[in-house]
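Everything below concerns the one structure shown next.
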Amino acid sequence: MNVIEVTELSKVYASGLGRGGIVALDGVSFSVEQGQIVGLLGPNGAGKTTLFKILLNITKPTGGRARLSGLPASDPLSRQRVGYLPENHRFPDHQTGIGLMELTARLYGVESSLFEDQLEPLLELVGMEKWGETKLRKYSKGMLQRIGLAQALVSDPEILLLDEPTDGVDPVGKIEIREALLKIRNQGKSIILNSHLLSEVESVADRVVILSKGKIVKSGSMAELTSQKSHIIIEAEIGHNIVEIPPRLGKVLSVSTKNMIVEVVDDSNLNPILELLFLKKIPIRSVKPMRISLEQSFLNTITEQEQTG
Amino acid sequence: MRGLIQHTISELFDRKLVYAFALVTLVAVLLVLFSTTIDISFGGEEQDLGDLSQAMGDTFLKGLSMFLSFLVFLAVMGTAGLIPTMLSPGQSDYFLSKPLSRTRLMLSKFCSIFSVYGAVIVVCGAVVWLAMSVSYLGFSGAIFYLFLSHLISLFIWLSITALAGVMSNSSAMSIMAAFTVWVLKVVVSSARAFEDVLGSKLLKFFLDALYQILPKTDQIETIGERLTSDLFIASYSAVWTSLLFAVVLLFLTVVTFNRRSY
Ligand SMILES: Nc1ncnc2c1ncn2[C@@H]1O[C@H](COP(=O)(O)OP(=O)(O)OP(=O)(O)O)[C@@H](O)[C@H]1O
Ligand SMILES: [Mg+2]
């Protein structure tokens, strides 16, 4: 089931007195399945935060539709099972940590007894059990971020929208948050994670959507994004054999006695290349696509997109 | 709603406004006690006690009414920033992402402000009233009307700051809006006094229209005073028209809020 469905969403912000405006989103369509962690990536100003705000009806779209749990975003009920950690949040800072959680629970209509049961585990989850009674104005940035995550979880959400959740959090906290996210996902909940820390996204996300200048420039499973299909690693007992590959099939990028990396022109050319090895009676151990880091994949996508305009 | 009421109460304490209310009340109580000792020292045996008590009652009533008006003024100034704060960048995301319709969120916030500050005004007023009762026991349950009229007046002023707050997102602007309405009220009513001298039909029509549109909080408070003293009220139209004004403003507030992007 799709818990989030976005169709042809666009948003143009009016730009003061000038004509036209800032295009923040330009025909964005995608969906999120239940139980998935989706990483939302993109350069600054790509429209990631705008997308979140439209999903929550904080900002009205210029065109297109957004649905959460089957309900249109304009229906308040669509937000009942959604937890949100805003970017650059400024929670009412005269509240204590627990006060903020309680206010959040009340706004979601969570029953008091349920809230009492949840409070301790949630504070523990984000490592804030000692700070619950302290006013938010005395919190450090990372602490605010942690309590922000805790308040997003108060309503036992099915969908979590997290806008840079580990911004300002120390390395240990980042690992704790990552583990918490995986735990939440394993409970069958869906998370959209908006983050500039690609290694973090790489370690938790099942799928990635890359936005740039308001458009989706790439989306797919983590495996799809980090495999570079045209580059194949062939593990084989090459020894001192010389393998020449005709240019119409592909190109040898590097070769050693144990393996070779080949750039194939087309997937269908893989078999003829392997046949060349068979003919030379070279035993083949494995054939797999070469993996690149998410970071590399992201950079490739963005530079490609900038070159094509 | 309960969440927002608690939130509004904690805002009240955070802004140290409670202390302002407490201080003003303390001063008023001291003034009352002080003035009654003078009254008693002046009160000779020969004077008609009925007359004296009547005069004292009138003075106290007027004084209490003025005190309540001042509390309303304090509350309006003190709360003008609450809605803009709720809608400020970073905080709006928090409130708007909750599963409440915009209409419900705004009306709940408005009602929280009205009930919390209304309660503070009633409590402070009651304290001063009790201080007055030490020397004068002439007030009946009709004092209720005096409080009620000031609560209506608070409701009207809050509707002005709410609309201005949602439209401008700025506390300064919403205070200014309340002031502007107040100044306009004063200008219009003094200009109307000279209407006949001014002569122009158009101007007269314009002034009358403005007078009818603007809320008549002073008249409402006077009605409250007269009801408390059990005096005849010629017309309640000031109450209805002003309440209508406030309801229209609240309606516009909600409509504006529903259309906004944050
Ligand atoms: N309230 C607003 N008024 C006008 N323009 C806006 C507003 N909010 C965002 N924008 C513009 O919309 C575009 C997308 O902004 P958005 O905040 O969605 O980017 P983002 O992907 O979240 O960036 P970042 O990674 O820096 O957080 C930007 O060009 C920004 O200038
Ligand atoms: Mg952003």
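To find a chain, count down the sequence lines: A is the first, B the second, and so on, and within it residues start at 1. Given the structure is predicted, the values throughout are model-derived calculations rather than measurements.
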Requested in this report: Count the heavy-atom pairs under 4.5 Å between each of A/Ile58, A/Leu56, A/Leu107, A/Leu161 and chain B, then report the option with the highest count.
Outcome: A/Ile58

Report task. May I ask you to list the residues in residues 24-46 of chain A that approach chain B closer than 4.5 angstrom, counting heavy atoms only, ordered by number? Result -> none

Report summary line: Taken in chain and number order and not counting sequence neighbours, the residues that satisfy ring pair (Phe, Tyr, Trp, His ring centres under 6.0 Å) with B/Phe147 are none

Please tabulate the donor-acceptor pairs under 3.5 angstrom that span chain A and chain B, backbone and side chains included.
residue  : atom : partner  : partner atom : Å
A/Asn57  : O    : B/Arg102 : NH2          : 2.7
A/Ile58  : O    : B/Arg102 : NH2          : 3.1
A/Ile58  : O    : B/Tyr262 : N            : 2.9
A/Thr59  : OG1  : B/Tyr262 : O            : 2.7
A/Lys60  : N    : B/Ser261 : OG           : 2.8
A/Lys60  : NZ   : B/Asn258 : O            : 2.8
A/Arg79  : NE   : B/Lys98  : O            : 3.1
A/Arg79  : NH2  : B/Leu100 : O            : 3.2
A/Arg90  : N    : B/Gly90  : O            : 3.1
A/Arg90  : O    : B/Gln91  : NE2          : 3.3
A/His94  : ND1  : B/Ser10  : OG           : 3.3
A/Gln95  : NE2  : B/His7   : ND1          : 2.8
A/Thr104 : N    : B/Tyr94  : OH           : 3.3
A/Thr104 : OG1  : B/Tyr94  : OH           : 2.6
A/Arg106 : NH1  : B/Gln6   : OE1          : 2.8
A/Arg137 : NH1  : B/Asp14  : OD1          : 3.2
A/Arg137 : NH2  : B/Asp14  : OD1          : 3.1
A/Arg137 : NH2  : B/Asp14  : OD2          : 3.3

Requested in this report: Let me know if A/Leu100 has heavy atoms under 4.5 Å from chain B in its side chain, its backbone, both or neither.
Outcome: both

Query - Heavy-atom contact with chain A under 4.5 Å, split by part of B/Phe95 - result: side chain

Query raised in the report: What's the shortest heavy-atom distance between B/Leu4 and A/Leu103, and which atoms?
Result: N-CD1, 4.4 Å

Query - More than 12 heavy atoms of other groups within 6.0 Å of B/Met167 CE - result: no

Query raised in the report: With sequence neighbours excluded, what pairs up with B/Phe206 under the side-chain contact (heavy atoms from CB on, under 4.5 Å) test?
Result: B/Leu210

